[in-house]
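Note sheet for the following structure.
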Amino acid sequence: MKIATWNINGIKARHDVLIEWLKQTSPDIACLQEIKSVDEAFPGAEIEALGYNVQTHGQKGFNGVALLSKLPFEEVNRGLPGDDSDEQARFIEGLFSTPSGPLRVVSLYLPNGNPVESEKFSYKLAWMDRLHAWATERMALEEPLILAGDYNVIPQPHDCYDPKAWEGDALFRAESRSKFDALCHLGFVEALRACEDAPGVYTFWDYQAGAWPKNHGIRIDHLLMSPEASPKLRSCEVDKFVRDWEKPSDHVPVWIDYAA
DNA sequence: ATGACTAGCCGAGCTAGA
C-alpha cells in the first residue's frame, strides 16, 4: 500500500490540485499538513467521492492536519499530548487494520520555530520533546507505526542546497537537528534516507527568487517508521512533478510503498 | 541579476510560512 505525506499549504487554495494528485497517484493513506481550515469547513465531499475516509484536526487560518484513508479508521486521536494549554492543531493519529495487522499513522506539522530569538523557537523545541515522549510510549506497544509529516527540520547539510544560507535558522539549528536525531534513535527508520541519500533530493522549494527552477530546495518532510513497520518499506519516492502544476504548494508529496 | 512569493483573514495590509 501507498502512504504519503504532503504539506498542501491551504486546502481551499489547493483543493483542485489535491484532487488531481489523488486521482493520478491514488495513495491508500495521505497525511496532510497546513490545511488552514476549521474541521467544519474542510471540503471533503470530492475526496470522499474518490473513496477516502477523511479525519481532520483543524483550526482557523493556519496550521491544521488531516488523514485521508481508503481503509476505515479504527481509532482517531487529535492533538499531541503533554501540554493542555497548547491550542495549535498539529497532530492527528489514525489506527488502521491491514491484512498484516494493525497500523498506526500520524500526520504531524512540527512548528517552524523562526525567529530563533523568539518564544516560537522554544515552542518548537518543547513540541519536539513532547513528540519524543509520546513516541517513546507508542514504541512500547511494539506495533507498526509511521510518523509522517512536515518536520521543519533539515536533518543533514546535504539536505539543503546551501547549508551556509541556513546557518542559524530554526530548521537547521543544532538543537532542532539533535532532537530529530534523538527521535530517530528511538528506533525509527527515516524512509527517504534509507532509500535515497543523494544530495539534491528536496521536498520544499520557496516561492521566492526562482528557488524551484534552480533546485534551491530543502528536505524537511519525512516519514519515520517503527521497527515493526520498517521491514515492510519497499520504496520511498518524492512526487516532484506537482511542483510544476498551476498554483502549487511550496511542498511536494513524499510517499512510501508499504508491504502491508 | 543582491531577482522576493503565497494564503488567510477579509475587504487593507497585516501575520505566518521556511
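In what follows, chains carry the letters A, B, and so on, assigned in the order in which the sequence lines appear, proteins first and then strands, with residues in each chain numbered from 1. Only this structure's heavy atoms are used, side chains among them; waters, hydrogens and symmetry mates stay out. Quick caveat, the model's predicted, so the values are computed rather than measured.
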Who clusters with A/Leu95? Use side-chain heavy atoms, under 4.5 angstrom, across I, L, V, M, F, W and Y, and order the result by chain and number.
none

Which whole-number value in Å describes the distance from A/Trp212 CH2 to B/dA4 C1'?
19 Å

Is the shortest side-chain heavy-atom distance between A/Val65 and A/Cys31 below 4.5 Å?
no

Considering residues at least two apart in sequence or located in another chain, which fulfil the ring pair (Phe, Tyr, Trp, His ring centres under 6.0 Å) criterion with A/His57?
none

A/Glu175: salt bridge (Lys or Arg N to Asp or Glu O under 4.0 Å) partners, not counting sequence neighbours
A/Arg173

Quantified in whole Å, what is the C1' atom distance between nucleotide B/dA12 and nucleotide B/dA7?
15 Å

Taking only the C1' atom of each, what is the distance from B/dT15 to B/dG3 in whole angstrom?
24 Å

Distance, P atom - from B/dT6 to B/dC10, rounded to whole angstrom
22 Å

What residues form a ring pair (Phe, Tyr, Trp, His ring centres under 6.0 Å) with A/Tyr161, not counting sequence neighbours?
A/His216

Give me the distances for all protein-to-nucleotides 8-17 of chain B N/O pairs that come in under 3.5 Å?
from  : atom 1 : to      : atom 2 : distance (Å)
B/dC9 : OP1    : A/Gly61 : N      : 3.3

Could you measure between the two P atoms, the one in B/dC14 and the one in B/dA1, and give it in whole Å?
33 Å

Mind checking the P distance from B/dA18 to B/dG8? Whole angstroms is fine.
14 Å

For nucleotides B/dA4 and B/dG17, find the distance between their P atoms and express it as a whole number of Å.
23 Å

Residues that A/Phe96 engages under ring pair (Phe, Tyr, Trp, His ring centres under 6.0 Å), provided they are two or more places apart
A/Phe73

Expressed in angstrom and rounded to an integer, what is the separation of A/Tyr202 atom OH from B/dA18 atom C1'?
15 Å

